[in-house]
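Structure record follows, encoded as structure tokens.
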There are 2 protein chains.
Amino acid sequence: MYEVYFRHLAKKMPLTADDQALIQRFLSVKKIRKKQYLLQEGDVCKVIAFVEKGALRSYTVDGEGKEHILQFALEGWFIADLYSFLTGEESSYNIEAIDDSELVLINQSAYKELLQRSPCYQTYMLDLITGAYIALQKRLNATVSLSPEERYQDLIALYPDIVQRVPQHMIASYMGLTPETLSRIRRRIAEN
Amino acid sequence: MYEVYFRHLAKKMPLTADDQALIQRFLSVKKIRKKQYLLQEGDVCKVIAFVEKGALRSYTVDGEGKEHILQFALEGWFIADLYSFLTGEESSYNIEAIDDSELVLINQSAYKELLQRSPCYQTYMLDLITGAYIALQKRLNATVSLSPEERYQDLIALYPDIVQRVPQHMIASYMGLTPETLSRIRRRIAEN
DNA sequence: AAAGACCATTGATTCAGATCAATGGTCTTT
DNA sequence: AAAGACCATTGATCTGAATCAATGGTCTTT
């Protein structure tokens with residue numbers, strides 16, 4: 001159940017069997033089916049989810065009822081509303097399974113305690129969140145300095161599996177475009 | 001020299017005099033004048049800078065030679081190209097002082113060693129980067145789900161000092177707008 | 001104090017992407 | 001297998017922001 005998770009963790013740092021045993025006691029596993037919610041707007045985000053298998057997305061709904069996808073999470077990624085998770089405030093995000101998925105979860109109290117108890121886990125989280133922060137900065141930078149064409153090509157190059165496994169209108173939303181516009185961009189790319 | 005820095009750090013967690021003494025040995029101080037660079041595109045980012053006083057910005061230059069501001073850092077904030085800092089690769093960002101500024105710096109080797117040696121510092125960094133990540137997510141979300149008007153109003157509400165102290169065309173760039181468009185938005189807001 | 005550089009504002013025009021609308025295709029459900 | 005829902009694509013039109021251009025104001029530099 002925890003294979004992908006600990007492989008991921010071990011890739012970032014040396015991990016003793018003791019470390020692993022300690023950490024594992026604070027985790028739990030959850031299966032979630034396509035279109036089910038892990039978090040709904042208005043609820044408090046109770047867990048950080050690591051994706052063992054499957055795919056999820058987080059999104060918000062704006063004033064006009066339109067969805068805006070903020071993040072995809074495939075195998076080896078994590079997803080949560082960290083703000084809500086850490087403060088206990090209501091979330092304004094939704095997190096939903098795109099496919100049937102298997103998750104490794106950690107809840108708020110376990111997270112706080114595990115950070116205290118396991119230097120190893122703390123190092124891992126610092127690493128993980130730093131990586132997520134850097135990725136987000138890159139994305140923001142791409143958004144302002146590249147054309148939609150270029151951004152789509154980058155997306156294909158960087159995350160080919162996302163483009164394979166996620167419906168096109170979701171990718172459009174993720175990129176801040178309408179489905180029509182993304183369709184036309186794809187045609188333009190194909191023509192050249 | 002380190003007042004703001006340690007006040008900031010102590011706000012996030014209990015900090016003993018020993019902790020502080022240890023941490024301080026790994027830091028250094030630098031003054032930088034308006035329009036000077038802390039980092040230039042093509043160089044490796046050698047330090048994480050905490051702003052004691054003054055203001056800095058980071059930006060990229062796109063294919064057409066246009067600048068895109070990614071971040072402002074005022075007193076109490078940090079700024080760096082973390083990707084370049086951590087990997088040692090060349091940066092594609094520029095970091096420049098908007099005003100004469102005083103910085104608290106930590107370099108790569110000091111950062112890595114201090115993380116090993118001071119659990120306190122590690123906790124602080126996890127906290128700091130998590131906060132930065134959450135802020136960036138919020139910004140990304142605002143970008144896709146709010147109108148430029150709303151985003152500008154939010155900016156005024158959230159960071160009034162930025163709007164006071166940073167020239168308007170930089171705020172426009174930060175928001176992904178041209179100076180002309182921001183000027184018109186301000187007029188529309190003033191008219192209502 | 002004068003000259004030059006930079007900046008915010010305003011107006012006119014252009015353009016990229018959104019919106020509106022229709023169609024055929026695929027996936028789901030019964 | 002048929003019906004309905006959902007999706008990608010294409011076309012026509014609209015709209016908000018970019019671009020181009022000009023002006024007066026302020027800050028720098030000498």
For atom CZ of A:R188 and atom P of D:dT9, their distance in whole Å: 13 Å
Here the distance between atom P of D:dA8 and atom CD1 of A:I185, to the nearest Å, is 14 Å
Near-strand residues of residues 136-155 of chain A, defined as heavy-atom separation under 4.0 angstrom from DNA chain D: none
A:R186 near the nucleic acid: base, sugar-phosphate alone, or nothing, with a heavy-atom cut-off under 4.0 Å? sugar-phosphate
A:E150: which residues meet the salt bridge (charged side-chain N to carboxylate O under 4.0 Å, His left out) condition with it, sequence neighbours left out? none
Determine, using the 4.5 Å side-chain heavy-atom cutoff (strictly less than), whether A:L158 and A:V144 are members of one ILVMFWY cluster. no
Within the structure shown, what part of the strands sits under 4.0 Å from B:R187 by heavy-atom distance: base, sugar-phosphate, or nothing? sugar-phosphate
Quick check on the helix from C:dA1-D:dT30 to C:dT30-D:dA1: what's the angle between its two end axes, five base pairs per end, to the nearest 10°? 60°
Checking salt bridge (charged side-chain N to carboxylate O under 4.0 Å, His left out) for the pair B:R57/B:E67: CA distance, chi angles, key distance, verdict? CA-CA 11 Å; B:R57 65 181 181 132; B:E67 290 182 5; 3.1 Å; yes
Looking only at heavy atoms, what is the nearest atom pair of A:V163 and A:I171, with distance? CA-CD1, 3.7 Å
Is A:T60 close to A:N94 at the side-chain level, that is, under 4.5 Å between some pair of heavy atoms? no
Any chance you could list the contact pattern along nucleotides 21-30 of chain C? Use B for base contacts, S for sugar-phosphate-only contacts and - for none, protein heavy atoms under 4.0 Å, 5' to 3'. B------S--
For residues 79-118 of chain A, pull every pair meeting ring pair (Phe, Tyr, Trp, His ring centres under 6.0 Å), keeping only residues two or more places apart or in separate chains. A:F85-A:Y111
Near-strand residues of residues 57-72 of chain B, defined as heavy-atom separation under 4.0 angstrom from DNA chain D: B:K66
With hydrophobic residues grouped by side-chain heavy-atom distances under 4.5 Å, do A:L82 and A:L136 end up in a single group? yes
Between A:T181 and B:T178, which is nearer to the 5' end of DNA chain D once each is assigned its nearest nucleotide? A:T181
Going by the rule salt bridge (charged side-chain N to carboxylate O under 4.0 Å, His left out), which residues pair with A:K31 if we only count those two or more places apart in sequence or in a different chain? A:E102
Base D:dG16 paired with B:R184 side chain (donor-acceptor, <3.5 Å): no
Test of understanding: with side-chain contact (heavy atoms from CB on, under 4.5 Å), list the residues that count as partners of A:L105, not counting sequence neighbours. A:S28, A:K30, A:V47, A:A49, A:L103
Sugar-phosphate only, base, or nothing, as touched by A:L182 at under 4.0 Å among non-hydrogen atoms: nothing
Before accepting this row, confirm whether a basic side-chain N of the pair A:R33/A:D100 lies closer than 4.0 Å to the acidic partner's carboxylate O. yes
Tell me yes or no: between the side chains of A:D62 and B:S145, is some donor less than 3.5 Å from an acceptor? no
Test of understanding: with ring pair (Phe, Tyr, Trp, His ring centres under 6.0 Å), list the residues that count as partners of B:Y152, not counting sequence neighbours. none
Partners meeting ring pair (Phe, Tyr, Trp, His ring centres under 6.0 Å) with B:Y174 (sequence neighbours left out): B:F72
Assess the pair A:F50 and A:F78: is the distance between their ring centroids shorter than 6.0 Å? no
Tell me every residue that passes ring pair (Phe, Tyr, Trp, His ring centres under 6.0 Å) with A:Y37, counting only those two or more places apart in sequence or in another chain. none
Could you measure the distance from the NE2 atom of B:H8 to the NZ atom of B:K12? Nearest 0.5 Å is fine. 4.5 Å
Check DNA chain D against residues 163-171 of chain A and give the residues with a non-hydrogen atom under 4.0 Å, in numerical order. A:P167, A:Q168, A:H169
